[in-house]
Every structure is written in structure tokens, then in C-alpha cells.
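Data block below; observations after.
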Amino acid sequence: MLRSGEEISYHTVSEDNVFYDDEGNAVASIYSYSYFRTDVVNVEKRPVLFGFNGGPGSSSMYVHAGFMGTKRLFYGDVDRATSLPPYETIDNPDCLLEVADLVLVDPVGCGYGVLLDSGKKEDFYGIEQDAEALLQFIELWLHRYNRMNSPKYLIGESYGCTRSAVAAGIAATNGHARTYGFAFDGIVFIGNTVTMGKYFGKDMPVEMSVISFPTFAAINWYHNHPSQQSLEEFVYEAKHFADRDYLLALHRGEALTNQERRGIIEKIGYYTGMTADYLEKHALKIDDQSFRLEVIKEASKSVSRYDGRVTRPQLVPGRVEETVGIRDDASDDRWKAAFYGAVNGTILPLLNVKLERQYLKSNKLPDGWDPSEVKGTTSEQLRNAMTRTLGMRVFFANGWFDGATVTGHIFYLLDHAGLPKDRICFKGYASGHMIYLGEENARALSEDIKEFVLGGMPGKTFA
């Protein structure tokens, strides 16, 4: 692998990590892909990064082929005209292997992770069960490769953020039937799902129109160019308006004078692209689904929930993707096949992985998924971890155009969760849910994570 013209030598180990019941029967396996740099003198001090996607039920395909592996996709136009092959992969010029060894993780039931005993679903398919399985895998991996004294980082995307926060919280306190003897130096949350609500966003105490307002503004900025300001300037100005004037207007409702109401509607329209007629019909509130139809209504297209830069013709006029199928999204159209092709056509052959069982991009685990949060919400688990693990740091990385896990959840979390802000940093990217889509974004995210692992605090800090 080349890094800025310098060759980096490495070797890989791809393997099953088997779980056994009390009788010694194999019941499940987490599959891992480990990258070890081979020219390191002091391995004990070298960080290890454990990376995974979300779902729940998603393989590590996206982070593996997206920016973490030694090979990754070459990105062309983000709003791709076609998802057909061939798919181009390149030697990753910004691979994190430069500063840390890498472990990509397929949880039980996805990728090459597999449930061997269907009667054991309840041991793995749930928020806390899934997090404990990750902890047990990491503990075994650290022992196997004698890396218990190495700095340890979690890199979770989407539901992987929930997995990371809950795992770190359990590790810092105790599990269902046991305790754990190691801690994490830091966590990178990509496409954040750590919130004050239950199971990402449910039961939030604030109107979601306000929480989502910065994201609405970003998508409007991208498509309609309402201002000559930079993306961040426009988004933060919109957030300031939403936190004060917009929130108060929603609270006052019919108590607003006609003049006040017209002024608020004009400002909401400026930031979000919503018409006065839409806002009157919706009592000044903005619904996520209808927003994605309205913001570029004249083009007869809908905007992707996962990446507001990506569009497609409306499948059914006036209906958004969720009414057809919640996982049916325009960005998935463009990129799903490309990532699957890159992993199965290039990366797995490079790693010499040849298994008879099927590689599952994702598995619809929520049908049997246990959403119970007995030990606390994701925000409480993150606080458990950070307050008990002095020195542990957190990096929130989120796409401004991400309509699935909006930046507003991070802002609200930081204002209300009682987290040690001096150890937290945040950066927004001109991207969607998968921040690394695009050559510039892939490089920026990789360089920021390297800075974080080496002790820096990229982006905005809150001390």
C-alpha cells in the first residue's frame, strides 16, 4: 500500500470469532478483517481501531470499502448517473493504517458474521446484547494478538454509534453477567445515533422541526442557493434562528400577530425553501418526509434521506421513499451495488477470503430486535463511559446533508446530556450519512480521524 509515495507494508488476518454456549456448542460468529502494519517497532503502543457499520444488521461493507481499508472505491459524481459496473477501486492514499492497526467487524447475522443456532437470537439481536457481543469479541481479539496495552478506539457509523456508546458504557460499568477489564481511549461517531431519546430520537422533548432545522437549511443551500454564504455560515445562522425565533414561534402558535407570523414564515422559507402555503398548512412545522419532496418540487424529484445531495424522479408522484419501503432510498440506488462489488470483487479476493456461506450486505434484524435499554439511553451510556474513563475522548463526525441522523441531535445532546465537553469535538462535512462519499470527503475524514487518534481534536471543540 502506498501513502504519499511511501510504501507501507502490512499483513492481514480474516477470521471467524466463535461464541459457544455453556455446553461448548458453537452458536454464532463475529467475522473480522484485521490489518497489521509490519514495520512497527513498538507494537504495544500502536493504536487499534475497531470499525463497523450499523443497521442494526449491516455488515462493515461501507466503512471497509469506503475509507478504512487499504483498497477503497474511487469516487466520481456523488449523484451517480448509474449504479452499473465496472466499479473502480484504488490503493487508499489516506488509509488509517498509517497510524493504527485496523479491525473491520461483521456482527452476528451480517457480512460473514453468522448465527449458527437460531434458538440463540435473543443473545445477540438487541441493543445491549449486540454491544456485549462486540465487547467479548474485542476482549478475545486483544488477548489473541497481545494488544491489551494498545490504545483502543471504536469507529461506528449510524447504528454503529449506538453500538459504540452502549459498549463503552457497559465496559465502564458492568455487563449482564460479568464485568470487563479494559477501556476505550476514544470513539469516533459517524452519522450519529447517540441521542437523549429512546432508541435514536424517540420521545425527544423538543419539536423535531427545530432539531432538524440545520439539516433542512443545508439541503436547501445545496439545491436552491439562497445565499452567497458558505455552507457552514448558512447552517449555523439557520440554527441560531431555529434555537430562538423559530422555537418561540412554535410555542406561541396562534398568539403570534399576523405581522409576526408573516415575518417568521418568510424567514423559515428563506432557510428551508418551504413555501408560505406549505408552512400555513403545516402550522409552521416541517415534516422530514414532505420536506424532501417540497425542497425541489419544481424538478419533480425527491431528495435522498441519507444524502440530501442525491436525487431521483419521484417513484410515485407525491409519495416519499418510506411509503414504498423504508430502506428504499436514492443514495442506496447509486452506491449499494458499487460497495458490494468493491468488497466482493476486489477486497475479499485481496484478503484471500473464500468462504462457502453467503456474504450478507445487510440483514433485516429489527424484526426480531430487542430495543430495550435497561442500562440507560445511548446518551446515558456515553456519559457512563466518559465520566468513569478519565481521558476518554469523543469525535462526532456528521454530514450536513444527512437527513437520517441529523446534526441537530448532536447539538441537543451536547447541551443536555451532561457530557465532559472538554473531551468532545465535532465536525460537519459537506456530505451525507456516509461522510466519505467523494474524494475530498474521504480524505478529510481520514485525516481528521488520524489527527484524533494522535491526540488532536479536529473541528469544533466545546471546552
Side-chain angles (χ1 to χ4, degrees), residues 192 195-229 231-298 302-303 305 308 318-320 322-323 377 379 398 400-419 421 426 428 462:
N192 171 58
T195 76
M196 298 290 290
K198 283 280 187 181
Y199 198 15
F200 186 61
K202 293 183 175 65
D203 306 319
M204 285 294 286
V206 175
E207 165 60 42
M208 277 305 299
S209 297
V210 177
I211 295 289
S212 299
F213 202 85
T215 300
F216 296 149
I219 294 172
N220 180 46
W221 178 94
Y222 182 84
H223 289 286
N224 298 319
H225 316 292
S227 169
Q228 295 301 311
Q229 294 169 288
L231 171 60
E232 287 203 9
E233 287 172 340
F234 187 73
V235 168
Y236 277 114
E237 184 178 281
K239 178 184 182 300
H240 186 272
F241 164 77
D243 288 345
R244 294 162 176 79
D245 298 350
Y246 183 42
L247 182 62
L248 180 59
L250 290 176
H251 171 69
R252 293 182 63 198
E254 295 177 7
L256 291 170
T257 66
N258 289 337
Q259 183 178 356
E260 289 172 330
R261 189 176 186 84
R262 284 195 300 270
I264 286 292
I265 286 175
E266 182 179 346
K267 293 289 282 185
I268 299 172
Y270 168 69
Y271 287 119
T272 67
M274 297 299 97
T275 65
D277 182 59
Y278 173 93
L279 293 169
E280 288 286 9
K281 288 180 178 178
H282 289 77
L284 304 185
K285 297 179 182 180
I286 303 173
D287 171 73
D288 166 60
Q289 294 184 7
S290 61
F291 167 82
R292 287 182 282 111
L293 291 175
E294 292 286 330
V295 71
I296 53 171
K297 187 174 184 178
E298 292 181 1
S302 62
V303 165
R305 177 171 179 256
R319 290 176 62 188
V320 291
E322 285 86 342
T323 63
T377 65
S379 63
N398 224 87
W400 291 120
F401 308 125
D402 180 357
T405 58
V406 298
T407 52
H409 276 294
I410 300 173
F411 298 139
Y412 190 86
L413 178 77
L414 294 176
D415 288 339
H416 295 86
L419 301 172
K421 295 185 182 64
F426 162 79
F462 304 91

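Worth knowing before you read on, the calculation uses all heavy atoms, side chains too, and leaves out hydrogens, waters and symmetry mates.
Using modelled atom types, one finds no donor on one side chain facing an acceptor on the other under 3.5 Å when comparing Gln259 with Thr257.
Ala283 and Leu250 get closest at one heavy-atom pair: O-CD2, 3.9 Å. The two residues Phe234 and Pro226 make their nearest non-hydrogen contact at CZ-CG, 3.5 Å. Scanning all heavy atoms of the two residues, the minimum distance from Leu419 to Ser379 falls at CD2-O, 4.2 Å. Contact detail for Pro214 and Lys239: the closest heavy-atom pair is CG-CB, 4.0 Å. When every heavy atom of Arg261 is checked against every heavy atom of Gly253, the shortest pair comes out as NH1-O, 4.0 Å.
A side-chain hydrogen bond (donor to acceptor under 3.5 Å, both in side chains) check over residues 264-276, counting only residues at least two apart or in different chains, returns the pairs Glu237-Tyr271.
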- Message: Using the rule given for side-chain contact (heavy atoms from CB on, under 4.5 Å), can you reason through Ser227 versus Glu233, listing the C-alpha separation, both sets of side-chain angles and the distance that settles it, and then say yes or no?
- Response: CA-CA 10 Å; Ser227 169; Glu233 287 172 340; over 6 Å; no

- Task: Carefully, step by step, assess Asp288 and Arg305 under the rule side-chain contact (heavy atoms from CB on, under 4.5 Å).
- Result: CA-CA 9 Å; Asp288 166 60; Arg305 177 171 179 256; 4.0 Å; yes

- Message: The test is side-chain contact (heavy atoms from CB on, under 4.5 Å); show your working for Val295 and Tyr222 and say whether it passes.
- Response: CA-CA 10 Å; Val295 71; Tyr222 182 84; over 6 Å; no

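Using cut-offs of 30° and 60° for the angle between ring planes, the Trp400 and Phe426 rings count as perpendicular. Using the six-membered ring where Trp is involved, His416 and Tyr412 have ring planes that are parallel, under 30° apart on the 30 and 60° scheme. Ring geometry for Phe411 against Tyr236 counts as tilted: the plane angle lies between 30° and 60°, on a 0 to 90° scale.
In this structure, Tyr278 OH and Leu284 CG are separated by 11.0 Å, a value rounded to the nearest 0.5 Å. Atom CD of Gln228 is separated from atom CH2 of Trp221 by 10.0 Å, given to the nearest 0.5 angstrom. To the nearest 0.5 Å, atoms OG1 (Thr195) and CD1 (Ile211) are separated by 9.0 Å. Here the CG atom belonging to Leu279 is positioned 13.0 Å from the NZ atom belonging to Lys285, to the nearest 0.5 angstrom.
Shown here are the side-chain contact (heavy atoms from CB on, under 4.5 Å) partners of Asn258, two or more places apart in sequence or in another chain: Arg262. Not counting sequence neighbours, the partners of Thr215 by the side-chain contact (heavy atoms from CB on, under 4.5 Å) test are Ile219, Val406, Thr407. The side-chain contact (heavy atoms from CB on, under 4.5 Å) search around Arg252 returns Leu248, Ala255, Leu256, Glu260, not counting sequence neighbours. Judged as a ring pair (Phe, Tyr, Trp, His ring centres under 6.0 Å), and not counting sequence neighbours, the contacts of Phe291 are Phe216. For His240, the side-chain contact (heavy atoms from CB on, under 4.5 Å) criterion is met by Arg244, not counting sequence neighbours.
Judged purely by atom type and a 3.5 angstrom limit, Thr377 has no side-chain atom pairing as donor or acceptor with the backbone of Met196. Without hydrogens or angle criteria, Asp287 side chain to Gln289 main chain gives a donor-acceptor distance under 3.5 Å. Asn192 contributes no side-chain N or O that, together with a main-chain N or O of His409, makes up a donor-acceptor pair within less than 3.5 Å.
Two residues are said to be in side-chain contact when any heavy atoms from C-beta on lie closer than 4.5 Å; Asp243 and Phe213 fail this criterion. Counting heavy atoms from C-beta on, the side chains of Ile264 and Phe241 come closer than 4.5 Å.
The neighbour count for Lys198 NZ, taken as heavy atoms of other residues, nucleotides or ligands under 6.0 Å away, is above 12. More than 12 heavy atoms of other residues, nucleotides or ligands shown are found within 6.0 angstrom of NZ on Lys421.
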